[in-house]
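Before any comments, here is the structure.
Computed from a predicted structure; not experimentally measured. Order of the sequence lines fixes the chain letters, A, B, ..., with proteins taken first and strands second; residue numbering starts at 1 for each chain.
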Amino acid sequence: MAEMNELQTLRHSASHVMAQAVKRLFPEVKLAIGPAIDTGFYYDFDSEHTFTTEDLEKIEAEMKKIAKENLKIERFELPREEALELMKDEPYKIELINDLPEGETISFYKQGEFTDLCAGPHVNYTSKVKAYKLLSATGAYWRGDEKNKMLQRIYATAFLTKDELEADLLMREEAKKRDHNKLGRELELFTTSDVIGQGLPILLPKGARIIQLLQRFVEDEEQKRGWQLTKTPLMAKSDLYKISGHWDHYQDGMFVLGDEEKDKEVFALRPMTCPFQYQAYLNRGRSYRDLPMRLNETSTLFRNEASGEMHGLIRVRQFTISEGHLMCTPEQLEDEFKGCLELAIYMLKTLGLYEDVSYRFSQWDPDNREKYIGTTEQWDEAQGIMEKILNHLEIPYKVGIGEAAFYGPKLDIQIKNVFGKEDTLITIQIDQMLAQQFGMEYVDKDGNKKNPYIIHRTSIGCYERTLALLIEKYAGKFPVWLAPVQIKLLPIADRHLDYIYEVKKELEKNGIIRVEVDDRSEKIGYKIREAQLEKVPYMLVVGDKDIENNTVSVRDRRDGDLGSMALSDFIAKVTEEIENKVIK
RNA sequence: GCUGGUGUGGCUCAGUCGGUAGAGCAGCUGAUUCGUAAUCAGCAGAUCGCGUGUUCAAGUCACGUCACCAGCUCCA
C-alpha cells in the first residue's frame, strides 16, 4: 500500500469520510471494506435500510460537513487483543483482524468520532476531500463470494480538483451515449423480444449485415493463413460431453434436451466447439506430417447463463464465435501460438481496437480443484509453457488466478465497455488434456504414437460481442467498409431523381453496393438531418448544378461539406477506403 | 442466481386523491419541388409487459410472473 499514489490516497480517505457520514446518518450500519479503485472508490456496508438516491444526496451533504469540520486524520496501532476490543461492534472488522497473520501490524485511522481499521495511507485532514461525487448504490457480496451475505455498496469517485471531477463526470455522460445497448437499438442493429427470451437478441438487417461483413473478412483471412473451415453440428449426445468433461464441469452452463432418468438418449446444445472439431481430427489416423492442423469454424454456441448475467450483445445465451482448434507437436507449439496471436492482433488493428485491449494470463486456482481436470503436474507444465511463450513474445500481461478454462490456461485479450466493465474479446488457450481424453494421436517421426498439443483460439472473438464493442468504439459511426449503409443519395428536388439513380447504378457497378436513395419529397435539410442521425458515412446531394457539371456534392458525416467533385473521383476515394479498411 | 431500479402507441415522455388514456417525433395520405439540422395540413396507431387479486370502478393499490437497465457473482 506504500506505493499508493496521491489520487488513490485521496480516494481512500474519501471512502473513510463517506463511511463516517453513513455512520452519522445510519448508526446501526456495520462497516465492511472501502478501497480506492481505478475509477474512484466504494465502501461496503451491512444495513437493513437500503440506500436510495435521496440517501446518497444526504450522505454527500454530510460528507461536506465532515470536510468543513476539518478533522485531523490520525494513525495509531494496537496489539491484536485491543484491536478486537475496539472493533467489538463491527463483525466484519473482527473477521478481517482475525485473518491478519500473526505479527502483522494492526493499524487504525481516526478522524473525529470515526475510527476504521486500515493500513493507510491517508491525507492528513478531512478538508482535503472536496471534489467527490456519489454515483450509485448496489449490492455486493461480502468478500466477493456469492455464498456470503449481500452487502450494500456505494460507488463514488473523487479527484484532487473540482475541474478533474467535472471532466470525469462529463466523460461518464459522454460514454453512456455510446452504450451499444442503447445505440444499437436506436440504429436498428438489433432488438430483443419478450417472447423469444433473455439473452437471445434479434439481429436486424443492419446488424446482421455488419456481422456478415466481419465474418467474410475473418473466414477469408483465416483461409489465407492456412486454416481449414469445418461445419459441425450444433448439438450432440451426452456421450460426447462426458468424454470432454463438459458433462461434469460445465453442465450448469448447457441447454440439455431430455432427461437422463427417462430418455434413452439425451442431447445438449453445444456450449463450446472443441469436442466437435476433435471428431474431425479423429476422422482418420494422423501423422506428424499432418501437423500443424488448423481447423476453424464460424461456430454458434449456446450457454445457459444465469438470468442476471445477460447484457445487450456482450453477454448472451446464443452467440457465434470465430472458433478454431490447432493440433500440433510440442516443437511447433510456440510458433503456432505466435501465429494465432498475430492473427488476433491483425484483426484488432484492422478494427481499430488494438490500442484499447490488455492481456490477461489466466491460470488455474490450485485451491479450487473441482473446477478443473488434470493433475497439478499437467497444469504446471501447460502454464509453464505458456508463460515461456508470453515472456518470449514480450506480451505485457497481468495474471488472473482462477480464470483458466477447465482444461487449460488462457491468454485472454481484454477490453472495457463504456461503463468500464472488462470482458474477454479474444482468447488463445493451450490444452494438453483433451487430446488424451479423446484419444487424439499422431504417429511421430520415431514411429511412436503421441498426443498433440491443442491450441483453442478465436481470431476476432464472438461476433455479437465484437459488434457491441465496435458500436461503442465508433459511437455507431462505423468505418466505410463496415457501414451497413455506406452512402445516402439525396436529390434536392424530384427532377434530380433520374440522375440520382444513374449515380447509384454507377456506384454499384464499381462495387459500392450499400447505397440508399432518399426519394421522399422532403426539404433537403430534413433529409440530411435524417441521414446524419443514421450516421451514414457519406451523403451525396444532387441538384441542378451537379447534373449540369456531372458532379456530386459530397457530405461526410464527420467533416461536413466536402464540396462537389466528379463522381469518378468520389468512387476512387471510397473504393480506396473500403479496400484498405480505412478507419477515420 | 443475488441487490436495487424500470416497463404507458415504433421512439421520447405526460397521466393529479383509483373514475375507463394524452402530447411531440417517427409512420401513412395529400399539398409543396423548395440548395444544406425539422415545409404545411389531415389520418391512423395503446386490451397501459403479462397474470391473479382487492374494489362499484385499476395505467394508478397488492401479490405473482416475464422482460429491460446498473452492480455483485459467473463468463466468450
Stretch [range]: residues that reach within less than 4.0 Å of RNA chain B through a heavy atom:
range: residues 149-157 of chain A; result: A:Met150, A:Arg153, A:Tyr155
range: residues 178-188 of chain A; result: A:Asn181, A:Arg185
range: residues 453-464 of chain A; result: A:Cys462

- Query: So which one's nearest nucleotide on RNA chain B is more toward 5', A:Gly312 or A:Asp544?
  - Reply: A:Asp544
- Note on the structure: Sorted by position of nearest nucleotide on RNA chain B, 5' first, the leading residue of A:Ile492 and A:Asp423 is A:Ile492
Name the nucleic acid region contacted by [X], choosing base, sugar-phosphate or nothing; use a 4.0 angstrom heavy-atom cut-off, strictly under.
X: A:Phe419; answer: sugar-phosphate
X: A:Gln198; answer: sugar-phosphate
X: A:Asp145; answer: nothing
X: A:Gly144; answer: sugar-phosphate
X: A:Tyr141; answer: base
X: A:Ala493; answer: base
X: A:Arg495; answer: sugar-phosphate
X: A:Arg317; answer: nothing
X: A:Ile321; answer: nothing

- Task: Could you label the plane-to-plane angle of the A:Phe406 and A:His249 rings as parallel, tilted or perpendicular, counting under 30° as parallel and over 60° as perpendicular?
- Result: parallel
Any strand: nucleotide that pairs with [N] via Watson-Crick or wobble, under 3.5 Å:
N: B:rU29; answer: B:rA41
N: B:rC2; answer: B:rG71
N: B:rA62; answer: B:rU52

- Task: Decide whether A:Ser521 and A:Asp494 meet the rule of one side-chain donor and one side-chain acceptor closer than 3.5 Å.
- Result: yes
- State, without any angle test, whether A:Thr320 and A:Thr300 hold a side-chain donor-acceptor pair at a distance under 3.5 Å. yes
Pairs of donor and acceptor atoms involving the side chains of residues 397-405 of chain A, under 3.5 Å and at least two apart or interchain, shall be tabulated with distances.
| from | atom 1 | to | atom 2 | distance (Å) |
| --- | --- | --- | --- | --- |
| A:Tyr397 | OH | A:Asn391 | OD1 | 3.2 |

- What about A:Phe45 and A:Phe26, are their ring centers closer than 6.0 Å? no
- For A:Glu309, which residues count as a side-chain hydrogen bond (donor to acceptor under 3.5 Å, both in side chains) partner, sequence neighbours excluded? none
- First-last contacting nucleotides on RNA chain B - partner chain A, under 4.0 angstrom, heavy atom: B:rG1 to B:rA76
